[in-house]
Visitor: 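The following block contains the structure, expressed as structure tokens.
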Protein chains: 2
Amino acid sequence: MRRDSRLSGVLHVLLHMAQQPGPFTSETLARAMDTNPVVIRRIMAGLRDLGYVSSEKGHGGGWMLACDLSKVTLRDVYAALGSPSLLAMGNRTEAPGCLVEQAVNAALDQAFHDAEALLLRRLGEVTLAMLGEDLRKRLGPRKIHDISAHRA
Amino acid sequence: MRRDSRLSGVLHVLLHMAQQPGPFTSETLARAMDTNPVVIRRIMAGLRDLGYVSSEKGHGGGWMLACDLSKVTLRDVYAALGSPSLLAMGNRTEAPGCLVEQAVNAALDQAFHDAEALLLRRLGEVTLAMLGEDLRKRLGPRKIHDISAHRA
DNA sequence: AATTATGTAACATATAAAGTTACATGAGAC
DNA sequence: GTCTCATGTAACTTTATATGTTACATAATT
């Protein structure tokens, strides 16, 4: 597939989890995200390792939030995914012998680095709690739908 | 392959072309870039359409620079490639009905947009002539090698 | 007319995200 | 203790896209 949407996906999951008590099975979360339970487990694994969520097996098991939402930023979540590349473009050759290519790389690297740094800074400025606040504003009087409720 | 290296590649080509008189065949440029002539034609097509380079068929034909290098920025070259996506990440769903996902998208979009804008601004600040200047500094007393000269 | 070079379509390859299947493991229900 | 539910994970499939390659048409020079 084209662009990496794991960050978008996992944030969607976390924000849903913050709206109602857990736990949530991978099955439930996958249904809400219109994807596969294994995909959910895959993207949640990194967050569990860092203690942002916890998981329990067996009856009554599933995923639970395990962090202070005001302490975790989008950048933290990004890091939990393994810090995948942010930019779609890169240099043709990383350490070229050709001086011409070195000049090109130097110019591009600076621009790329600046853009990556800004993006990381912006992600670091937004906490999960802030996302939740924004969501409440969008909801207004409406009530969030219960993602755990499902038709057989 | 992983990251888009067309911008890096085409800049490399242009900077080589600026170092010696043309024209250059796709074959010559491909050899210098360690790639295929068709790849060269493909990435040069957009630049030709915008008048940055010209191409001639037949004997003595090939590619020539056709612009003032101090007037063309890296951003212009990027645009000539068709402005491919800059970021490797994106939203899972562009226009979601889910308010939760809308909140996530809004936060990510702002960060993504800021980073893209900065990258474009940086690319717009560097002209091909500036790249040439930087190259001359790197070369020092050395002479650039003639990419047209090749062993049979 | 032969040669050289671009222009382009069509096909092949490589990589990575996303989706799927299969099965092992652990925890509660009975 | 056994059954059921849920995660953990490996392996495989699918899809998208950049890149590489082959083939051949077209145009310009010799």
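Numbered from 1 within each chain, the chains take letters A, B, ... in sequence-line order.
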Visitor: What's the spacing between A:Asp114 CG and A:Asp109 CG if we round to 0.5 Å?
Guide: 10.5 Å
Visitor: Looking at B:Thr25, does any N or O in its side chain come under 4.0 Å of the phosphate oxygens OP1/OP2 on C:dA5?
Guide: no
Visitor: With a 3.5 Å distance limit and no angle check, can you tell me whether A:Arg92 reaches the backbone of B:His12 through a side-chain donor-acceptor pair?
Guide: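 Answer holds: no.
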Visitor: Side chains of B:Ser8 and B:Ser5: any donor to acceptor distance under 3.5 Å?
Guide: no
Visitor: Between A:Leu7 (CG) and C:dA18 (P), how many Å, whole number?
Guide: 11 Å
Visitor: Among C:dG28, C:dA17, C:dT4, which is the nearest nucleotide to the side chain of A:Arg6?
Guide: C:dA17
Visitor: Would you say the side-chain atoms of A:Asn105 pair up with the backbone N or O of A:Thr93, donor to acceptor, closer than 3.5 Å?
Guide: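 Looks like yes, one N/O pair under 3.5 Å.
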Visitor: Partners of B:Ser54 by side chain to side chain contact (heavy atoms under 4.5 Å, CB included), sequence neighbours excluded?
Guide: B:Met64, B:Ala66
Visitor: Does anything in residues 85-114 of chain A come within less than 4.0 Å of DNA chain D? Heavy atoms only, and list the residues if so.
Guide: none
Visitor: Would you kindly give the CD-to-P distance between B:Glu27 and D:dT21, to the nearest whole Å?
Guide: 12 Å
Visitor: Quick one: A:Asp4 CG to D:dA16 C1', roughly how many Å, whole number?
Guide: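 Atom CG in A:Asp4 sits about 13 Å away from atom C1' in D:dA16.
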Visitor: Got a sec, which residues hit salt bridge (Lys or Arg N to Asp or Glu O under 4.0 Å) with B:Glu56, two or more places apart in sequence or on another chain?
Guide: none
Visitor: Is there a donor-acceptor pair closer than 3.5 Å between any side-chain N or O of B:Gln19 and the backbone N or O of B:Leu15?
Guide: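 Pair found, side chain donor or acceptor close to backbone of B:Leu15.
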Visitor: Taking side chain to side chain contact (heavy atoms under 4.5 Å, CB included) as the test, write out the residues that go with A:Glu133, two or more places apart.
Guide: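 Side chain to side chain contact (heavy atoms under 4.5 Å, CB included) check on A:Glu133 returns A:Arg136.
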Visitor: Would you say the base of D:dT30 and the side-chain of B:His59 have a donor-acceptor pair closer than 3.5 Å?
Guide: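 Not at all, since no donor on one side and acceptor on the other fall under 3.5 Å apart.
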Visitor: Counting only side-chain heavy atoms from C-beta out, which of D:dT19, D:dT7, C:dA18 sits nearest to B:Ser5?
Guide: D:dT19
Visitor: Listed in order of residue number, which residues of residues 34-58 of chain B have a non-hydrogen atom at under 4.0 Å from DNA chain C?
Guide: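 B:Val38, B:Arg41, B:Arg42, B:Arg48, B:Ser55, B:Glu56, B:Lys57, B:Gly58 - these, ordered by number, are the residues of the stretch whose heavy atoms sit under 4.0 Å from the strand.
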Visitor: Given atom CG of B:Leu29 and atom C1' of D:dT19, what is their separation to the nearest angstrom?
Guide: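 It is 17 Å, rounded to the nearest whole Å.
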Visitor: Measure the shortest side-chain to side-chain distance between B:Leu86 and B:Tyr78 over non-hydrogen atoms and say whether it is less than 4.5 angstrom.
Guide: yes
Visitor: Taking any heavy-atom pair under 4.0 Å as a contact, classify B:Gly60: base, sugar-phosphate, or nothing.
Guide: nothing
Visitor: Contacts to DNA chain D from residues 72-80 of chain A, heavy-atom cutoff under 4.0 Å, which residues?
Guide: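 Within residues 72-80 of chain A, no residue comes under 4.0 Å of DNA chain D.
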Visitor: Can you tell me how far the CG atom of A:Leu87 sits from the CG atom of B:Leu119, to the nearest 0.5 Å?
Guide: 6.5 Å
Visitor: Where the side chain of A:Asp76 meets the backbone of A:Thr73, is there a donor-acceptor pair that is under 3.5 Å apart?
Guide: yes
